[in-house]
Amino acid sequence: MGLFSERVRRIVKDIPRGETMSYAQVAALAGSPGAARAVGNIMKSNRDPEIPCHRVIRSDGTPGGYNQGSTEKVRKLKEEGVILSQAKIIRR
DNA sequence: CGTATGACGTGCA
DNA sequence: GTGCACGCCATAC
């Protein structure tokens, strides 16, 4: 894999329980601002349960995709105490 | 090396 | 608020 994907996985792995980061934020921290879409691709191909990819959401607050279904993604987030309002995630 | 792909982002109708 | 067209970028072929 590429260096970028490794940095992305490292960053996502460090997202604390109950917190979220947008695909764009992760991309920027990984050193490639604007590569939000590429981050999504990496999450999609990720199979490591150590990586909490359900904590990576869209920048507009909507959940975004998930291998086990966006419904499950939201369920996990709520279970962690993440605040939702009208199917949108509220950051604080 | 050119083309295709997609868990995105933004702007605009 | 909703939908859509485009641009973007790392990857896979």
Side-chain angles (χ1 to χ4, degrees):
Chain A
M1 316 296 279
L3 172 64
F4 179 70
S5 58
E6 290 186 18
R7 300 185 70 181
V8 167
R9 283 190 286 271
R10 172 59 182 279
I11 292 167
V12 174
K13 188 174 295 189
D14 288 340
I15 301 177
R17 180 184 170 81
E19 288 192 31
T20 61
M21 247 185 230
S22 72
Y23 293 92
Q25 285 175 12
V26 174
L29 284 187
S32 295
R37 206 165 182 179
V39 170
N41 286 335
I42 295 168
M43 294 298 98
K44 177 173 185 172
S45 56
N46 177 64
R47 296 290 183 289
D48 186 352
E50 288 282 281
I51 298 176
C53 46
H54 62 281
R55 297 183 186 142
V56 183
I57 66 177
R58 279 189 169 241
S59 37
D60 64 0
T62 52
Y66 195 56
N67 285 331
Q68 306 164 48
S70 58
T71 308
E72 180 62 8
K73 184 170 184 175
V74 171
R75 192 194 67 68
K76 275 175 164 274
L77 288 172
K78 282 169 57 178
E79 190 266 331
E80 290 187 3
V82 172
I83 316 288
L84 289 237
S85 176
Q86 305 301 101
K88 303 256 175 155
I89 290 138
I90 311 297
R91 303 251 274 115
R92 184 168 332 166

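To find a chain, count down the sequence lines: A is the first, B the second, and so on, and within it residues start at 1. Quantities reported herein were computed from a predicted structural model and do not represent experimental measurements.
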Sequence neighbours excluded and cut-off under 3.5 Å, please list the side-chain donor-acceptor pairs for residues 46-58 of chain A, or say none.
unit_1  : atom_1 : unit_2  : atom_2 : d
A:Asn46 : OD1    : A:Asp48 : N      : 3.3
A:Asn46 : ND2    : A:Asp48 : O      : 3.3
A:Arg47 : NH1    : A:Lys44 : O      : 2.9
A:Arg47 : NH1    : A:Ser45 : O      : 3.0
A:Asp48 : OD1    : A:Glu50 : N      : 2.8
A:His54 : NE2    : A:Glu80 : OE2    : 2.7
A:Arg55 : NE     : A:Glu80 : OE1    : 2.9
A:Arg55 : NE     : A:Glu80 : OE2    : 3.1
A:Arg55 : NH1    : A:Ile15 : O      : 2.8
A:Arg55 : NH2    : A:Glu80 : OE2    : 2.8

How many angstroms lie between atom CD1 of A:Ile42 and atom OH of A:Tyr23, to the nearest 0.5 angstrom? 11.5 Å
Non-neighbouring partners of A:Arg10 that pass salt bridge (charged side-chain N to carboxylate O under 4.0 Å, His left out), sequence neighbours left out: A:Asp14
To the closest 0.5 Å, what do you measure between OG1 (A:Thr20) and CD1 (A:Ile83)? 10.5 Å
Find the distance A:Ile42:CD1 to C:dC8:C1' and express it as a whole number of Å. 14 Å
Residues A:Glu6, A:Arg9: salt bridge by 4.0 Å N-O rule: no
Taking the side chain as every heavy atom from C-beta outward, state whether A:Lys76 and A:Tyr66 have any atom pair closer than 4.5 Å. yes
Side-chain donor/acceptor of A:Ser22 to backbone N/O of A:Gln25, under 3.5 Å: yes
Heavy-atom side-chain contact between A:Val82 and A:Leu84 under 4.5 Å: yes
Mind running a 4.0 Å heavy-atom check of residues 8-39 of chain A against DNA chain C and sending the residues that fall below it, in number order? A:Ser32, A:Gly34, A:Ala35, A:Arg37, A:Ala38
Just to be sure I understand the rule, does A:Ser45 reach a base, reach only the sugar-phosphate, or reach nothing, if contact means heavy atoms closer than 4.0 Å? nothing
Sugar-phosphate, base or nothing in reach of A:Tyr66, heavy atoms under 4.0 Å: base
Spacing of A:Asn41 atom CG relative to C:dC13 atom P, expressed in whole Å: 13 Å
Under the salt bridge (charged side-chain N to carboxylate O under 4.0 Å, His left out) test, which residues partner A:Glu79, sequence neighbours left out? A:Arg17
Terminal contacting nucleotides, 5' and 3', DNA chain B versus chain A (heavy atom, 4.0 Å): B:dG6 to B:dT10
Does A:Gly65 offer a backbone N or O that forms a donor-acceptor pair with the side chain of A:Lys73 under 3.5 Å? yes
Pull out every residue in residues 52-60 of chain A that has a heavy atom closer than 4.0 Å to any atom of DNA chain B, ordered by number, or say none. A:Cys53, A:Arg58, A:Ser59
Starting at atom CG of A:Asn46, determine the distance to atom P of C:dA10, rounded to an integer number of angstrom. 19 Å
If two hydrophobic side chains count as joined below 4.5 Å and joins carry through other members, does A:Met21 share a cluster with A:Val12? yes
